[in-house]
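To keep things clear, I will list the structure first and then write my remarks on it.
Proteins get letters first, then strands, A, B, ... in listed order; numbering begins at 1 in each.
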Protein chains: 2
Amino acid sequence: MPEQPVTVAVSTVIFGLREHDGEQALHLPLVQRVREPHLGRWALPGGPLRADESLRDAARRNLADTTGLNPAHLEQLYTFGAVDRGAADRVVSVVYWALVRTEEAALTRDDPHVAWYPAHALPPLAFDHEEIVGWAVKRLKAKLEYTHLSHALLPDEFTLGQLREVHEAILGRRLDPANFRRRVEATGTVAPTGAHQAGVRHRPPALYRSTAREELLT
Amino acid sequence: MPEQPVTVAVSTVIFGLREHDGEQALHLPLVQRVREPHLGRWALPGGPLRADESLRDAARRNLADTTGLNPAHLEQLYTFGAVDRGAADRVVSVVYWALVRTEEAALTRDDPHVAWYPAHALPPLAFDHEEIVGWAVKRLKAKLEYTHLSHALLPDEFTLGQLREVHEAILGRRLDPANFRRRVEATGTVAPTGAHQAGVRHRPPALYRSTAREELLT
DNA sequence: TCAAAAGTGTTAATCCTACACCCATGG
DNA sequence: CCATGGGTGTAGGATTAACACTTTTGA
């Protein structure tokens, strides 16, 4: 062997909404490592890139393999390639991040090595994965403000109150319901279905559907 | 050989300002390919990643090797890894983008295979490099508006008129000098040196220096 | 004295934020 | 009939955009 080869791996930070302390909170599924290094630690789902698949396909495949999830949004985050990142050989990691809808996030894989954790209460992670999650959260927050990504965390039909809760969970602060409503309506990316959500102990909120098609950026 | 190996390459989109049609315009240095595939075509400077260097170091090294330039700003753009991108074997390309100061951009390397081209009048490029340049320009435009990256294209001391010209060249539209001045001053990222630029046939403009230290994002 | 860009002032339009208030439902 | 969130209205402040006007220099 003439030279030490560089291998390419793909990992994914997956975001979904789940209940935590009575409120919707951002969660992510982690997998427990079954071999060294960092055996037993929790880590981002990932694996080596195969020669016959694109980076994006690799991310999607191994997201499905390890967690059984199907993302509503998938986007490249960053590529990490410092010489020593804690692994044995030289690995360049291409990291993607994904959003899954609440129905998906509710699915629990029948696998003791996969578990959802709140984004703000993670266990110690393998490698430099904590830093990576930090970047992903930062990017998600930033993109919330100028895209319609939040729709990808909700079911097909949702109320503006639910949409607001998503934003509040991610941004970590309360938003004025009146102003939030106007801002969203002004973008023209949601349309009322005409139906209303019944069974709530207050005025029945209108249901909306996302009209935003796939993004522009990165 | 058990499996076709995936190789990692690093390329860089380098931006600098140069005169074009009597105005400052965004330019970038390209290298002419000296081997197949795409022999003779112009391409982004780049080369394989070595096992003992980080991605960022690789970008910096091969920017220096091929063009002799030293960037004032260097940032990762995106990683391209479709299965067939036009090369013979499977290559994953990590692309960086860089900004060089006007002094650097003025340097012409004594090499017939390196030349500066206006960003809006590029020759046909090898591989998918045209698309990559497009992304880089888009990112540069976006970051102009919420960072102080434009300082990295100018010399140490500059007038607000020059800074405005940089923005105009990149955004492709005129900006109101009065409002531009106020906006920049409000950010607090420039400080007057006290000196003025002499020799101009109008009121001598004050010279400023950037006080913004390294960035926050990406 | 003129042209040309520097630099200051002003105003109207727009956007953002906070908050008051009525509506419709289940308990 | 009350608590709760849905939904509408509105007033004040902050930000932005457009443009008039004065300043200072070299030619």
Side-chain angles (χ1 to χ4, degrees), chain A residues 17 19 22-24 102 141-142 144-147 150-151 154-155 157-169 171-210, chain B residues 17 19 21-24 102 141-142 144-148 150-151 154-155 157-169 171-210:
Chain A
L17 290 174
E19 285 267 326
E23 293 200 334
Q24 290 293 93
T102 40
K141 278 190 190 182
L144 258 201
E145 319 231 354
Y146 63 98
T147 65
S150 50
H151 304 175
L154 290 170
E157 300 194 357
F158 51 85
T159 69
L160 294 188
Q162 289 169 335
L163 186 61
R164 181 171 45 77
E165 280 168 21
V166 172
H167 284 244
E168 289 176 341
L171 297 176
R173 62 188 165 89
R174 294 286 165 197
L175 300 172
D176 183 301
N179 296 333
F180 180 82
R181 157 181 301 275
R182 271 184 294 252
R183 216 151 42 77
V184 170
E185 281 172 343
T187 65
T189 57
V190 292
T193 65
H196 290 255
Q197 189 183 62
V200 289
R201 64 193 168 301
H202 55 77
R203 177 168 170 179
L207 287 167
Y208 289 79
R209 191 190 304 276
S210 175
Chain B
L17 290 175
E19 285 266 328
D21 293 343
E23 294 200 334
Q24 290 293 94
T102 41
K141 277 190 192 182
L144 256 201
E145 318 232 354
Y146 64 96
T147 65
H148 328 298
S150 51
H151 304 175
L154 289 170
E157 300 195 357
F158 51 85
T159 69
L160 294 187
Q162 288 169 335
L163 186 61
R164 181 170 46 78
E165 280 168 22
V166 173
H167 283 244
E168 289 176 343
L171 297 176
R173 63 190 163 88
R174 294 286 166 198
L175 300 172
D176 182 300
N179 295 333
F180 181 82
R181 156 181 302 274
R182 270 185 294 253
R183 217 151 42 76
V184 170
E185 282 174 340
T187 66
T189 56
V190 294
T193 65
H196 290 255
Q197 188 182 63
V200 288
R201 63 193 168 301
H202 55 76
R203 177 168 170 180
L207 287 167
Y208 289 79
R209 189 191 304 278
S210 175

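- Distance, Asn179(A) CG to dC15(C) P: 14 Å, rounded to whole Å.
- For Arg182(A), the listed nucleotide lying nearest its side chain is dG9(D); candidates were dT25(C), dG7(C), dG9(D).
- Of the listed nucleotides (dG7(C), dG9(D), dT8(C)), dG9(D) has the atom at the smallest distance from the side chain of Ala178(A).
- Atom CZ of Phe158(B) is separated from atom C1' of dA6(C) by 16 Å (rounded to the nearest Å).
- Checking Val200(A) against Arg183(A), the closest nucleotide of DNA chain C that is more toward the 5' end is the one next to Arg183(A).
- Rounded to whole Å, atom P of dA4(C) lies 19 Å from atom CD of Gln162(B).
- Not a single donor-acceptor pair under 3.5 Å links the side chain of Glu185(B) to the backbone N or O of Arg182(B).
- When the C1' atom of dG5(D) is taken as reference, atom CG of Leu207(A) falls 15 Å away, rounded to whole Å.
- If you measure from atom NE2 of His196(A) to atom P of dC23(C), you get 16 Å, rounded to the nearest angstrom.
- Of the side-chain N and O atoms in Arg203(B), none sit less than 4.0 angstrom from OP1 or OP2 of dA5(C).
- Of the possible donor and acceptor atoms, one in the side chain of His196(B) sits under 3.5 Å from a partner among the backbone N and O of Pro204(B).
- Not one N or O on the side chain of Gln24(A) forms a donor-acceptor pair closer than 3.5 Å with the backbone of Ala169(A).
- Looking at the side chain of Pro204(A), the nearest of the listed nucleotides dA5(C), dC19(C), dT25(C) is dT25(C).
- If you measure from atom CD of Gln197(B) to atom C1' of dT24(D), you get 14 Å, rounded to the nearest angstrom.
- Contact annotation: Arg201(B) does not reach the phosphate of dA27(D) (side-chain N/O to OP1 or OP2, under 4.0 Å).
- The CG-P distance, from Leu175(A) to dG5(D), rounds to 16 Å in whole Å.
- Arg174(A) places its CZ atom 10 Å from the P atom of dG5(D), with the value rounded to the nearest Å.
- Listed nucleotides: dG6(D), dG7(C), dT10(C). Nearest to the side chain of Arg181(B): dG7(C).
- The 5' end of DNA chain D is approached more closely, in terms of each residue's nearest nucleotide, by Pro205(A) than by the other of Pro205(A) and Asp176(A).
- A perpendicular orientation is assigned to the rings of His167(A) and Phe180(A), their planes being inclined by more than 60° (bins at 30° and 60°).
- Both Gly199(B) and Pro177(A) sit near DNA chain D, but only Pro177(A) has its closest nucleotide nearer the 5' end.
- Under 4.0 angstrom from either OP1 or OP2 of dA6(C) there lies at least one side-chain N or O belonging to Arg164(B).
- Although no hydrogens or angles enter the test, the distance criterion places a donor-acceptor pair under 3.5 Å between the side chain of Glu168(A) and the main chain of Leu175(A).
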